> 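Let me begin by handing over the structure; questions about it come next.
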Amino acid sequence: MVQLIKKLRNKIYEREVNDWKNFTIRQRLFYVIVIIATGLCIINSVETFLITDSLTLRIFMVVTLLVVAIGMWVSLIRKKVKVMSIVIFAVLNLIVYPCVFYMEGGMQSGSVMWFLLGYFYVFLMFDGPLFWICLVATIGCDLYVYISSYIHPEWVQPPMNRFAGTFDSIFSLVIIGIFIGILLRVEMHLYDDARKLAEHRAEELEKNASSRNHLFAGMSHEIRTPINTIMGLNELILRSDADESVKEYANDIENATTMLLSLVNDILDFSKIEINKLEIIPMEYSSKLMFQKLYDMISIQATKKNLVLNMNIDTLFPSVLYGDEKRVIQVVLNLLNNAVKYTDTGSITLEATGDKYEDGTYQMRISVADTGIGIKKEDITKIYDSFQRVDERQNSWIEGSGLGLSIVKQLAELMGGTVKVDSIYRKGSVFTVTIPQKVVEHSAVGLITFGAEDRKKKYQYQQKFEAPEARVLIVDDNRMNTIVTSRLLAATRMQIYSVASGKECLEMTKQKYFHVILMDYMMSEMNGIETMREIRKQENGLCKNTPIIALTAASRSEAEAADVDVGFDAYLEKPIRSEQLEGEILNLLPREIVSYRQDKTIYGESEGSSSGNLRRKRKVRITTDCIADLPKGLLEKYDIHVQNLYIRTERGRFLDSVEIDSDNMSQYITAEDVYPDSCSVEEFESFFADNLTDAVDIIHISMASNTGTTYSRATEAAKGFDYVHVYDSGHISVGEGLMVVEAARLASFGKSVEEIIEALDEYRPKVDSGFLLEGAEMLGRYGYINRGMVKLTSMLHLHPLLKMRHRNVFMDGFLTGEKDHLWRKYVGLRLRKMRQVSQRVVMVSFAGCTSHQREVVLDEIEKKIEFENVIVCKSCFSNALASGAGTFGIAFFEND
Ligand code: ADP
């Protein structure tokens, strides 16, 4: 018996018992009850032996004990809990308790309490009809016992004596009280256990879902890497002059991999949405461009299926909106793709309109209608479920994952919008998305025309540029990816270096300057972000300011977040398309080392004019040296080409503004001997030669002839050419810059060399340029003033002023004062004769200045004179070196 109880106890409490967790609470309760009931039976039997001399009762108690024990055993071994609970009910409630009542003294003994226990058992163990049957049976039996004992008191055997009756009564009360108490405790415990188990299971389910989504996301990432290789190598086949049949196959591979990629993207987005990791990244965007992109993306497929594609855009649609353009495109494109997929004949119509609200929101409504197979009414509710495809019998030949609309709905909702569908089976469907966007520009888009290019045209690679001098470093731990990327770039003739880890990259950046670094985002050991951060702060690193492009196999939003938060200069999503790759690199390369291979608009000419299919020679090109400090935007705008000079350091010669930047000059100046160095006559010769390939005449505007050897070398080089005219600007930095801009402006109007030079002759004496230096340290260092003077100015906190006069730099006095006051004072001094200052343009350069200093200076200029154009620029390294960090210069034209 003890063994049996132990076994039963184990069954209840030991979690190792496998079945335990699978038992219902009622089953567990049954085991608890039978264990306690067995215990009670034993105690009660002992008590019965003590307080009664009735042999019948004693035998009866032993039999009862045996029945309960057998019942337990059967229920445990045979797992017949229900049957045994009924048997035990019948034995105890209907036989044992009434018999004990009659034999132990009736109402004068403790047997009444056992009846109570009987009710307790019924309420705990049974429910449904069985409960009612057992309850009625118990009540009936108890009524019978009470009434019969009332009518036939002789049926009841009185207690042996008063003590025996009282003892039995108190004994029964205590043990039944304890029994009920224990039972309640156990029950609470069991319910507690069940609740915890349920919570644990829910947690596990959530964990499983989350890890499944992470797995999906990870897998999608892993899948993109080989897709990158396939697409890259396939593109090389398409670019090659392989057989037409081979190219046909390659075209098919391209289509299949594009489909695979879109599936992977869908899974990735879906997983992201599930784990709440998909972010909406709002930015300003042009609605016209958005619709044009949509048209470009869908028109090819529509044409392939001979479907008419209509784009009806409300002419009052606001022209610039603020929202996540790429996600809006994703949503609408998904609907357009479905429309094309599920339509065989007829048309696809995109309609876009919306409502403006007073708070500046535009409730954009885009609907996509098709004349396709439509959706059955009963299926409409299912189409947004993930992985759910409807009408599979009809659609089995159409490829799809059933994810598209689920993503559409969730994305639209993430952006605060809705999707709805109206469909007539076999006639067509209209999907409408409504998404609120902020209006940035209220002006209407007007009539948008959509391109009528040859949509069927096959892949044709168009190289954008060549840059043999450019050095590009690829950092990727996947060898195939490195091979593909470098092959895709081979046509550009750039010098491609590659390393397989962040560590190797850091070694490389100590030895060589690179113009651009392509950094894989996910590398083992040191990932892309860590490597980029190390490069940025690398001691003796040569690439601290080199633009870094992240190559990511992650999703767009992750990559963009990386771009924004972490500090990459750009990102490219894998699989990398060579057009984008070339485009991004081209954006980041210094213009002077790039020669363009495609049509390029000539800036400054009448709007919309382009160089056409054949490269047309530009009439007059303005070139200059980096001393002119012109910002990149202006160089591009006026197509000004720059010959960079050099900076000589202990570690070698660096191309100013290309390989070395004034932003980190302090690092060089304190550490080593650094000198500005001009370029050689030969270098000027090849610079002019390059420029003459696409210009008839060149006017090279040089830094003042008395300020170095640059002018004389350029003049020497120009002797070899008929059409190169070197012009002495008589100025440096901002002064020279102003002359160059004026010349370029005239050139863009089509003025001849003579006219431009004549104008420059007029401008030169009118350019007023001057500089305020932080200290005289650098002037002393390069021998412009003696050491004693340097010490004196430093002791007295004097700030030297420099001015250009007769092609020379002159010391124009000193200013004293504290930072802001000093800067404002100098601006005031320069612009004090307001009448003599032409308001047309002012050029301001800063060398190693803080942004605060820049703000103060520009603010003061604005306060003094309202110039029509303010050109702000950063000094090249050579200028910054000569004047020292904290210098700023101002140049303007004097009025007649
Ligand atoms: P799929 O990848 O299967 O196209 P979606 O989630 O985009 O997955 O669409 C779910 C289902 O809705 C599709 O399988 C298709 O049966 C139905 N469906 C979606 N768009 C259309 C449409 N324009 N015309 C008819 N049926 C459509």
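In this text, all values refer to a predicted model and were calculated from it rather than measured experimentally. Just so it is clear, the values below take in all heavy atoms, side chains as well, and ignore hydrogens, waters and symmetry mates. In listed order, ligands and their atoms are each counted from 1.
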> Among the heavy atoms of S429, does any lie under 4.0 Å from an atom of ligand 1?
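Under 4.0 Å: yes for S429.
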> Tell me whether ligand 1 is touched by Y384 - counting only heavy atoms on the residue side and a distance under 4.0 Å.
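It does not, in that no heavy atom of Y384 comes within the 4.0 Å cut-off of ligand 1.
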> Which one of T434, D314, T432, D355 satisfies the side-chain hydrogen bond (donor to acceptor under 3.5 Å, both in side chains) criterion with R365?
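It is D355, the one option of T434, D314, T432, D355 that forms the side-chain hydrogen bond (donor to acceptor under 3.5 Å, both in side chains) with R365.
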> Could you walk me through whether D324 and K326 satisfy the side-chain contact (heavy atoms from CB on, under 4.5 Å) test, starting with their C-alpha distance in whole Å, then the side-chain angles of each, then the deciding distance to 0.1 Å, before giving a yes or no?
CA-CA 6 Å; D324 193 334; K326 290 190 181 166; 3.9 Å; yes
> Hey, is NZ on K503 packed in by over 12 heavy atoms from elsewhere, all under 6.0 Å?
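Incorrect, the count does not exceed 12.
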> Nearest to atom 7 (O) of ligand 1 by heavy atom, I383, N338, T343: which?
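Going through I383, N338, T343 one by one, N338 has the nearest heavy atom to atom 7 (O) of ligand 1.
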> Which heavy atom of V439 sits nearest a heavy atom of P318, and at what distance?
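Closest pair (atom of V439, atom of P318, distance): CG1-CB, 3.9 Å.
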> Classify the ring geometry between F568 and Y521 as parallel (under 30°), tilted (30 to 60°) or perpendicular (over 60°).
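The rings of F568 and Y521 sit tilted, inter-plane angle from 30° to 60°.
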> Just distances here: any N/O of F431 and N/O of ligand 1 closer than 3.5 Å?
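Among all N and O atoms of F431, none is under 3.5 Å from an N or O of ligand 1.
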> Which ligand 1 atoms, with their elements, are less than 4.0 angstrom from a heavy-atom of L403?
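Atoms satisfying the 4.0 Å criterion: 6 (O), 8 (O).
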> Taking non-hydrogen atoms only, is I375 closer than 4.0 angstrom to ligand 1 via side chain, backbone, both or neither?
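It is the side chain that touches ligand 1; the backbone stays farther off.
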> Looking only at side-chain N and O atoms, does Y285 offer a donor or acceptor that is under 3.5 Å from a partner on Q437?
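Yes, a side-chain donor-acceptor pair sits under 3.5 Å.
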> May I ask whether K341 has any heavy atom positioned less than 4.0 angstrom from an atom of ligand 1?
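Right, K341 reaches ligand 1.
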